[in-house]
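Predicted, not measured: the structure shown is a model, and the values here were computed from it. Any value given below was found using the heavy atoms of this structure, including those in side chains, with hydrogens, waters and symmetry copies removed.
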Amino acid sequence: MLRLLVLLLCLLSVEPVAAGSAAAGVDAPQARDNNPAREWTEWDGPVSGPAAQPGRSVWFLASDLRNGGVVGVYRGLAEAGRLLGWRLTLLDGQGQRSSLLRFLESAQRERPAAVALGGFDAQEFRPQIERLRALGVTVLGWHAGDKPGPLPGLLFTNISTSPLAAAQAAADYIVASSHGPVGVVLFTDSRFAIATAKTRQAVRQLQACRRCKVLAVEDLSLALVQQQLPDKVTELYRRHGRAWTHSIGINDLYYDSIGHPLGKLNAFVANISLGDGSLSAMRRIRAGLMQEATIAEPLHLHGWQMADELNRAFAGQPPSLYVTQPHLLVRQTIRDSYLSIGYDPDNGYRRAYAAIWFPRH
């Protein structure tokens, strides 16, 4: 508890950075304090936009439904889509590029109103996306690029928290909650631009800490974590021993498989994730088992934001440019409700979006 209080005091001393939708020309309330350790109770997103555009067909292409972040976003989109009267189709790529390519080619034939990319890099499928856009299909994504906002000529918008804010929050947590030398191994997946952006920022933040050392940056595919991570952990511990004090992974999935190899080595490593606040991660953190923190994203909210951005596109309006901030979750800040539904801020986002889509005259 004392370590957490020290961390919170350190984070609360950071000057807040403005966020929200003002830059988009969309009416929004005053921006909240973006400190990742604070509760998010006030809506800071858009409060105006087009009325509901019902009767649309939307395809959600999931990179891999083993990724809890992708699942959480789809659930939010499905909830909002039912309210808007849309027909949603969920397709699971199972971590295979060939499957995603096949889905995009099918969309060219079927021509849904929109295709949403769930957790994979849009640049890797540029020709297919360009053909969809030429057919009048709206394409947008979640974690489909290295930063949030529109990707000109490719995506109507990309929905994400700020990857740089997530990386900074993780590095700040490590520095504030540790004593003595810190040795960090980072796990990333270079197939994803957002993962690379998060990892690079985390490295920069750690290099600014005099008692911190980046021991290694390991590029491990999320689709192959279960097969590859155990041997990699053994190799890393053989190389670095007790100098390895912390890990930063770009996704909670790495820590689904890290417990057994670390346990066999009788090694204690404080594991922190840069996303996305999966249910299994929060249960591990609450139990004090092999994960200390996760930088959670508001996944259900992102699903509702995806619906709002699509609704704007269907109405011929520009994207909102709204960007959410990540939230630091440690044992003491994980609510019981998060263990069943995930991190879901009590800031009234459902009411706010419904008020835009169904205005009272």
Side-chain angles (χ1 to χ4, degrees), residues 56-82 84 86-126 128-129 132 137-146 148 151 154-161 163 189 191-195 221-226 249-254 256 273-281 296-310 341-344:
R56 306 300 176 121
S57 173
V58 177
W59 286 19
F60 185 92
L61 310 188
S63 59
D64 193 334
L65 289 178
R66 290 170 292 187
N67 184 328
V70 176
V71 173
V73 173
Y74 175 74
R75 286 175 175 167
L77 175 62
E79 185 179 62
R82 286 192 295 271
L84 288 160
W86 295 349
R87 300 181 304 279
L88 263 66
T89 300
L90 172 62
L91 299 167
D92 181 11
Q94 298 181 324
Q96 301 297 318
R97 185 184 186 280
S98 58
S99 296
L100 297 171
L101 183 61
R102 186 173 69 253
F103 297 153
L104 288 167
E105 290 172 346
S106 295
Q108 293 172 37
R109 296 189 295 272
E110 300 294 332
R111 299 191 188 184
V115 170
L117 313 184
F120 60 94
D121 199 339
Q123 292 286 358
E124 191 174 349
F125 299 93
R126 176 176 282 275
Q128 292 76 26
I129 293 172
L132 283 172
V137 178
T138 297
V139 184
L140 86 175
W142 177 80
H143 284 201
D146 64 350
L151 275 67
L154 197 62
L155 297 181
F156 179 73
T157 197
N158 179 46
I159 296 166
S160 171
T161 59
D189 187 340
R191 296 178 303 156
F192 305 108
I194 190 170
S221 167
L222 288 171
L224 300 174
V225 164
Q226 288 185 337
I250 54 94
N251 192 281
D252 293 309
L253 274 172
Y254 290 106
D256 289 351
S273 170
L274 296 178
D276 304 301
S278 69
L279 296 181
S280 60
E297 298 196 59
L299 302 171
H300 287 79
L301 188 160
H302 279 173
W304 279 68
Q305 182 186 353
M306 181 174 280
D308 184 65
E309 304 294 1
L310 286 171
I341 63 172
Y343 169 58
D344 197 25

*What distance do Ser63 atom OG and Asp92 atom CG have between them, rounded to the nearest 0.5 Å?*
8.0 Å
_Nearest heavy atoms of Leu88 and Gly81, plus distance in Å_ = CD1-CA, 4.4 Å
*Find out whether Asp276 and Thr161 are in side-chain contact, i.e. whether some heavy atom of one side chain is under 4.5 Å from a heavy atom of the other.*
no
*Mind running side chain to side chain contact (heavy atoms under 4.5 Å, CB included) on Val225 and Asn251 for me, showing each step along the way?*
CA-CA 11 Å; Val225 164; Asn251 192 281; over 6 Å; no
*Can you tell me if CD on Gln123 sees more than 12 non-hydrogen neighbours from other groups inside 6.0 Å?*
yes
*Could you list all the salt bridge (Lys or Arg N to Asp or Glu O under 4.0 Å) pairs where at least one residue sits in residues 103-121, not counting sequence neighbours?*
none
*For the student: nearest non-hydrogen atoms of Pro112 and Ala107, plus distance*: CD-O, 3.5 Å
*Just how far is it from atom CG of Asp64 to atom CG of Leu253, taken to the nearest 0.5 Å?*
7.5 Å
*asked:* Can you confirm whether Phe125 sits close enough to Arg97 that some side-chain heavy atom of one is under 4.5 Å from a side-chain heavy atom of the other?
replied: yes
*Quick one: are Gln128 and Leu100 in side-chain contact, heavy atoms under 4.5 Å?*
no
*asked:* Main chain of Ser278, side chain of Asp252: is a donor-acceptor contact present, judged purely on distance under 3.5 Å?
replied: yes
*Which is it for Val115 and Ile129 under the side chain to side chain contact (heavy atoms under 4.5 Å, CB included) test, yes or no, and what are the steps along the way?*
CA-CA 9 Å; Val115 170; Ile129 293 172; over 6 Å; no
Kindly list each side-chain donor-acceptor pair under 3.5 angstrom involving residues 67-80, sequence neighbours excluded, with atom names and distances?
residue, atom, partner, partner atom, Å
Asn67, OD1, Gly69, N, 2.9
Glu79, OE1, Trp304, NE1, 2.7
Glu79, OE1, Arg350, NE, 3.0
Glu79, OE1, Arg350, NH2, 3.3

*Closest non-hydrogen atom pair between Ala296 and Gly277, with its separation*: CB-CA, 3.9 Å
_Between CG on residue Leu274 and OH on residue Tyr254, distance to nearest 0.5 Å_ = 10.5 Å
*What heavy-atom pair brings Ala62 and Leu90 nearest, and what distance separates the two atoms?*
CB-CD1, 4.3 Å
*Looking only at heavy atoms, which two atoms of Ala307 and Leu84 are closest? And how far apart?*
CB-CD1, 3.9 Å
*Do Leu154 and Val139 come within less than 4.5 Å of each other through their side chains, counting heavy atoms only?*
no
*Could you grab the distance from atom CG of Leu104 to atom CH2 of Trp59, nearest 0.5 Å is fine?*
9.5 Å
_Given 3.5 Å as the limit, does a donor-acceptor pair link the side chain of Ser160 with the main chain of His143, or not?_
no
*asked:* Rounded at 0.5 Å granularity, tell me how far CD1 in Ile194 sits from CG in Asp146.
replied: 8.0 Å
*Calculate, to the nearest 0.5 Å, the distance between atoms CG and CH2 belonging to Leu61 and Trp142 respectively.*
14.0 Å
_Are His302 and Met306 packed together at the side-chain level, in the sense that at least one heavy-atom pair is separated by less than 4.5 angstrom?_
no
_Whether Arg56 side chain and Leu310 backbone form a donor-acceptor pair below 3.5 Å_ = no
